[in-house]
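Step one of this worksheet: look at the structure below.
Whatever order the structure lists them in is the order used to number ligands and atoms, beginning at 1. Values below: every heavy atom of this structure, side chains too, minus hydrogens, waters and symmetry copies.
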Amino acid sequence: METASAETPDSPLMKRRTLLRGGAVAGLGALMSPYTALAAPQDTGPGAAEPSADRLILAKFKDPLRTPPVLRPAGRGGHDELTVRMRTADVLVHSDLPPVRMWTYEGSYPGPTIETVRGRRLRVTWENHLTGTLPVTAVDFGQPGGPLPDPLSNYPGTQGCREVPGVADLRPWAAVHVHGMLTGGGNDGWMENAVAPGDVQLSAYPNDQAATTLWYHDHTHHVSRFSVYAGLAGLFVCRDEEERALGLPKGRYEVPLVLSDRNFALDASGALTGRLVHKVEMVGTTLMRAHAAPYTLVNGVIWPYLEVEPRWYRFRIANTANSRIYRLMLLADGEPVPGAFQVIGTDQGLIDTPLPVEGALNLSSGERVDVLVDFSAYRGRLLKLVNTMEGVPPGSCSTRHDLLEPDVMQFRVAARGLAGRFTPPAVLSPTFERPAHHDLPHDSAPRWVVIVGPGTENVPELWEMEEVADAAGLTFPAAGIVQVRDAEGTLTTLRRTALHYDDGRAFTVAHGSTEIWKYLNLTASPHPMHIHLAHFHVLSREHYDVTGFDRTVGGTARPAACLRAGELDPHERGLKDTVRVGTAGQIRPGPNGTPGELVTVAVSFPVVGRGVHHCHMLEHEQHMVRPLVVTAAGHGHAGGHH
Ligand SMILES: [Cu+2]
């Protein structure tokens, strides 16, 4: 069989046989347990399993991290081809938990990592072999009067919750989107073009973009929060010569860390059953709190450990959780290791030079980051990767914000071993450039997107706006009118043009153009905003006083006003496809306690077609989504005016 290159000798068929070997249960190289027949690995390093937080039952650091299987496409003359089969499988995620029924790509969770080479056009046949109804029990809970200090979502099981109607019977339709892939609208996995079991989605990908980590996941309209949660997510790696020349850690020293969170049902005796539970808190009757589940998985293993050598590693970290934001820190003896993460790449590729993360590595749903970590100073010691909250000591819990168990995973550093001669290259991508002032469009007004909450659907709203040239006749507040006073004192008046997915007139963009988009967050929580058919540079993050917004009317009584410039995180200084539009610091209780953020991005549109832009919190995706059209040059005017 012809292959893409000497380094990709495995056909999809061969890979599939490998994946299927071992039967229906995807194996976990784990300690002896009721659910694994595998022998315990020889464990000569430090470290042992530890109890997790109260009522979470499962031990931490009991199972080794596993790495998703790799799929390499096969060459077919001028392009590469790959078949990926979706199927229902029972997956081991912890050695003391029964196998978890999931919807998967190729029987594994996360799905296999698709390894590709830049410039090799790729055609993927996504085959839907899924069976059964959604393997997730969806529930909500809540009391009139406000959120609970220790919400039920911190704990396993469905006690005290209501079942969400209509979810148990969901059939496995699927629409696969390769997040961050620059491909035309016809191949992007349009969320309404779902395919039924027995059918296939054929998608072609130019695969001609900088080396980076993308990820593929289900995007079926209305139900992606359940289908992705059921297991439909995996990594897609693109490599190129520029990256290869850097000599970055590779092989077993290059490790993907796919983060997600899940919850499970309990049986009558209080034991975990392995049945997936999706549980959200309703605040009064008007707002669904951001989804968060108590068990953190890395590469599909709950709180794993990884034995590492005292040397440099490269980690490709992807946040594939439905909504949880990870603020990652590396702790040694309970203390944060400053500069532990050296950021070398972002959503869309390598940056110019390594940047140390001094505080937390802040990764919201959909974002990826490429980091280097040096373990050579920690011979024979245990390090922990933890999730943190602003205002909470690193490593401590915060039940109010669904952080009952902050630990993510453990690194067991070998006492012996060579550190090697690797040092991070001073120059990573010689072709990477931050946009200069003259690169930015100056002759067109920016696009405005305002995030307002809560709306009529229990989640915030995404408002597309247009500038009002003459605001003289307006009185404030007025529904759908938002005024913004920027850092220079300039007042801009905006009028809402669209809100629901099927409202008229989508943003229409010329192919190859660059536009300035401004995201203004008027809500009390951060939202990761994602644009299909595009990539962007984050230009600025600014803190705004948004207390002048009248939620009852739905407009500003006083303009949203710039308070100060904010900081971009190191991983926000590269090319991206998803950006956190935050709340300018710690979320404080009360309607007026949260300053907003204005995030400005310069977006480029290298491909053509109909896509969407949306919030990547999957619980918001169904409602905070708008179509987006990128047109070929001249098409909008051909044939004259009507
Ligand atoms: Cu959102």
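Ring-plane geometry between His291 and Tyr229 is classed as perpendicular, the angle between the planes exceeding 60 degrees on a 0 to 90 degree scale with a lower cut at 30. Under the 30°/60° scheme for interplanar angles, the aromatic rings of Trp517 and His613 are found to stand perpendicular.
Counting just the N/O/S atoms of His527, the one with the shortest distance to the Cu ion (ligand 1) is named ND1. His620 contributes ND1 as its N, O or S atom closest to the Cu ion (ligand 1).
Metal site remark for the Cu ion (ligand 1): Cys615 contributes an N, O or S atom at a distance under 2.8 Å.
Formation of a donor-acceptor pair under 3.5 Å by the Ser365 side chain with backbone atoms of Ala321 is found in this model.
Remark: Arg447 does not engage Glu464 in a salt bridge, criterion side-chain N to carboxylate O under 4.0 Å.
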